[in-house]
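Chain A is the first sequence line, chain B the second, and so forth, proteins listed ahead of strands; every chain is numbered from 1.
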Amino acid sequence: MKKRNVIICALLYLAAILAIVVLEKFLPPTHIALAVLKKGCIYSLVAVSMNLLNGFTGLFSLGQAGFMLIGAYTYAVLTIPVAERDSVYMYFDGGIIQFSVPVFVGLLAAGLLAALLAWLIGLPVLRLKSDYLAIATLGFAEIIRAFFQWDELGVITNGSNMLRKYPTFTTTLFPFLVCSACIAVIVLLIHSSYGRAFHAIRDDEIAAEAMGINLAKHKRLSFCISSFFAGVGGGLLAMYQTSIQAMTFKSAMTYEILLIVVIGGLGSVTGSCIASFLFIASSEWWLRFLDTEMTIGNFKVPLLRAGFRKVVFSIIIMVIVLFARKGIMGDHEFSIDGICSFFKNLGKKKEVKS
Amino acid sequence: MSTNVLRVEDVTMQFGGVVAVDNLSLEVNEGEIVALIGPNGAGKTTAFNCITGVYEPTNGRVSFYGKELVESYPHGKMKKTYIGENAGRYTKRLVQTPDKITKEGIARTFQNIRLFSSMTVFENVLIAKHMRAKQNFLTATFRLNHAEEKRMREETMELLKMQHLDHLKDEIAGSLPYGIQRRLEIARALATNPKLLLLDEPAAGMNPQETLELAEFIRQIRDEYKLTIFIIEHHMDLVMQISDRLYVLDFGKLLAQGTPEEIQNDQRVIDAYLGVSEDA
């Protein structure tokens, strides 16, 4: 990367931090824009981690919600303060875990446990290809969800009751910094020798193997790293929601993330980030008005009622799938050079016209 | 007598009731160019796949510089349905994935070109350096392997220069003309530092002029990189011109072997290729 681009990137990053600080200062803390930013950051991380697997390695996995659940639970279980445990685990005599760890240790443990489980599941599951892998991972995610709701495990997971009172974040800066750091690591990995190997596996498995790339090892690596960051994302989501329940990590969540990845473009990190902010903003904020009845003067606007938002959303998705199959970014990245050349070309075109 | 590089012993590959390769034994010695020819569907590519670990042979053994690479015997369901020969000779199972075999020093190209089509020419060759690099995913991610990475890139650039592909290094591999894609595939195979190169129909789809150039090119890389080359080919001009010895395969069985002259005058080979008239 050119030196100029590094400087511009750093400046943009600082500008983003500054913008967040300013927004927090002037908007009321409950404003929807801040919630969108927080959730958008977390979904970006999870979407990029899914893209690493689906877009860059070509493994079509649908287990993301399961790994997020493991991450969220690991974080929550490990960080609830000892003093609060009695009230949280009220049906299980305060649970059996009587210690708590700092936030960052909790997040790290969330990622590591998700990665460990991914490794175990990967042993049988990664022998499968395409749709079969998707079905197997989807099934696994559902099993995990049921497992965490099991009463017998209540002393650890609190059964089907909520986990709450663990440390959360109040500032938007926290998820932003953690998620951008994680995404930066993923980007570094993608551009390393291992990233190239993943890419080769996506392009042609047989040729990759003939080039000396150990398929099993590299697929497992990609699966574990993707799950690690999904686990961290799950932990952050738990912090964002302030209370979690296994019930909410349904397969619908995986589909949401898959949607973000597809809209952003398979194989594009920046695409996934842009798409997740767009997705969260429109589903939580911009399209909200579709759900409430509205009357202008005496005229009652037709169709607007609870649930209509989802109809519009589905139509948008269909339009994207039909007309922009490669998503917003295709497999390109949003780059400073790209923008520069875009503006240069724009200038040239204008010159020609005049 | 030069050293033996590749030894294939009694290799049989049976799919269900079909014996694709039937009791094939052959040898390739150091520095030789050996060709494997035969009509369509004779089992040539299957034989290659058994050597490179894509398939586990039903029976037989493959060794490389005296070291065993692959060995198998009919087991499981095959025990009952095996119809090949030498069923009791081998008692060990040694199966290796293709990447291990590449690491041992056998590189191959494919009949239908298999480049990483969305990657650049440079990256295509660079991939081959991955397996021998001293690194793990953490050192690679956090750029602690920059010396290794630099070495990989330099070696790749050097190879591209030697193969006169350096001016195309930033082109997307899938958008290159067919002939160049073929050459790139060979360059990529060379980048794995092989001792033995297996070429699967390198001249497929080439015109006579290109075929002639290819013949020259194959000889040249053998001398430059001190390779042994084992080649499957249909173009008889090419085969007769460059190979030291030939093996002829028909319906999975070894039909004949010898020098180009011997093969050209072998009645069985002529019959296999041209067919025998019914009332002869």
Side-chain angles (χ1 to χ4, degrees), chain A residues 1 6 52 55-58 112 115 119 126-127 181-226 228-229 265-268 326 330-333 337, chain B residues 48-49 52-54 96-110 112-120 122-146 148-149 152-153 172-174 185 188-189 191-194 198 200:
Chain A
M1 204 157 46
V6 175
L52 173 68
F56 288 96
T57 321
L112 288 177
W119 187 78
L126 287 179
R127 291 161 191 268
C182 290
I183 292 174
V185 171
I186 297 178
V187 170
L188 281 174
L189 174 76
I190 287 169
H191 288 122
S192 76
S193 183
Y194 280 83
R196 286 195 299 269
F198 294 161
H199 202 144
I201 292 173
R202 180 187 81 173
D203 270 11
D204 194 323
E205 272 190 17
I206 294 170
E209 212 173 12
M211 287 296 104
I213 293 169
N214 186 335
L215 280 189
K217 186 183 142 199
H218 283 81
K219 281 182 174 179
R220 209 180 303 136
L221 187 67
S222 173
F223 196 50
C224 287
I225 293 174
S226 166
F228 176 87
F229 288 110
L266 280 168
S268 168
K326 286 190 146 181
D331 56 0
H332 302 292
E333 293 293 350
D337 276 340
Chain B
F48 260 32
N49 283 340
T52 54
V54 176
Q96 300 203 62
T97 45
D99 57 283
K100 297 258 166 52
I101 287 175
T102 308
K103 222 169 178 176
E104 293 285 338
I106 301 182
R108 74 174 291 186
T109 65
F110 296 91
N112 41 346
I113 301 177
R114 284 183 180 275
L115 287 172
F116 305 121
S117 51
S118 70
M119 297 164 93
T120 64
F122 185 74
E123 285 171 325
N124 260 281
V125 179
L126 190 54
I127 283 290
K129 297 286 173 199
H130 177 72
M131 70 167 171
R132 292 194 208 278
K134 289 182 197 69
Q135 59 183 8
N136 63 41
F137 77 95
L138 287 174
T139 58
T141 303
F142 296 107
R143 301 293 185 267
L144 301 171
N145 64 338
H146 48 263
E148 199 73 1
E149 178 85 17
M152 282 157 67
R153 285 176 184 271
I172 299 295
E185 209 189 13
R188 193 182 63 174
T192 61
N193 299 336
L198 305 182
D200 196 345

| Of the backbone (N, CA, C, O) and the side chain (C-beta and beyond), which part of B:Ala107 lies under 4.5 Å from a heavy atom of chain A, both, or neither? | neither
| Passes side chain to side chain contact (heavy atoms under 4.5 Å, CB included), A:His199 versus B:Met119? Steps please. | CA-CA 8 Å; A:His199 202 144; B:Met119 297 164 93; 3.9 Å; yes
| For B:Thr102, side chain to side chain contact (heavy atoms under 4.5 Å, CB included) partners two or more places apart | B:Met131, B:Thr192
| query | Checking B:Glu185 against chain A: side chain, backbone, both or neither under 4.5 Å from a heavy atom? | reply | neither
| message | For the CG atom of A:Asp204 and the CD1 atom of B:Ile113, what is their distance to the nearest 0.5 Å? | response | 11.5 Å
| message | Between A:Gly195, A:Gly212, A:Ala210, who has the most heavy-atom pairs with chain B when the cutoff is under 4.5 Å? | response | A:Gly212
| query | Measuring heavy-atom distances to chain B, does A:Leu221 have an atom under 4.5 Å in its side chain, in its backbone, in both, or in neither? | reply | side chain
| With no hydrogens and no angle check, is any side-chain donor or acceptor of B:Arg143 less than 3.5 Å from a backbone partner on A:Leu188? | yes
| field | Considering all heavy atoms, the nearest A:Ser192-B:Ala140 contact | value | CB-O, 3.4 Å
| note | Residues passing the salt bridge (Lys or Arg N to Asp or Glu O under 4.0 Å) test with B:Asp200, sequence neighbours excluded, are B:Arg108
| field | B:Phe110 versus chain A, the contacting section by heavy-atom distance below 4.5 Å | value | side chain
| query | Given side chains that start at C-beta, do those of B:Arg188 and A:Met211 come closer than 4.5 Å, heavy atoms only? | reply | yes
| field | B:Ser118 vs A:Arg202, side chain to side chain contact (heavy atoms under 4.5 Å, CB included): CA-CA, chis, key distance, verdict | value | CA-CA 10 Å; B:Ser118 70; A:Arg202 180 187 81 173; 3.6 Å; yes
| Closest approach of A:Arg196 to B:Ile127 (non-hydrogen atoms, all atoms of both residues) | O-CD1, 3.1 Å
| field | Proximal component of A:Ala216, with respect to chain B [non-hydrogen, under 4.5 Å] | value | neither
| remark: dist B:Thr97:OG1 -> A:Lys217:NZ (nearest 0.5 Å) comes out at 11.5 Å
| task | Compare every heavy atom of A:Ile225 with every heavy atom of B:Phe137, then report the nearest pair and how far apart it is. | result | CD1-CD1, 3.7 Å
| Among B:Glu123, B:Glu149, B:Lys103, who wins on heavy-atom pairs under 4.5 Å with chain A? | B:Glu149
| field | Distance in Å, A:Asp203 CG paired with B:Arg114 CZ, rounded so as to fall on 0.5 Å steps | value | 12.0 Å
| field | Heavy-atom closest pair, residues A:Val185 and B:Thr141 | value | O-CG2, 3.6 Å
| request: Check step by step if side chain to side chain contact (heavy atoms under 4.5 Å, CB included) holds for A:Tyr194 and B:Gln135. | output: CA-CA 10 Å; A:Tyr194 280 83; B:Gln135 59 183 8; 3.9 Å; yes
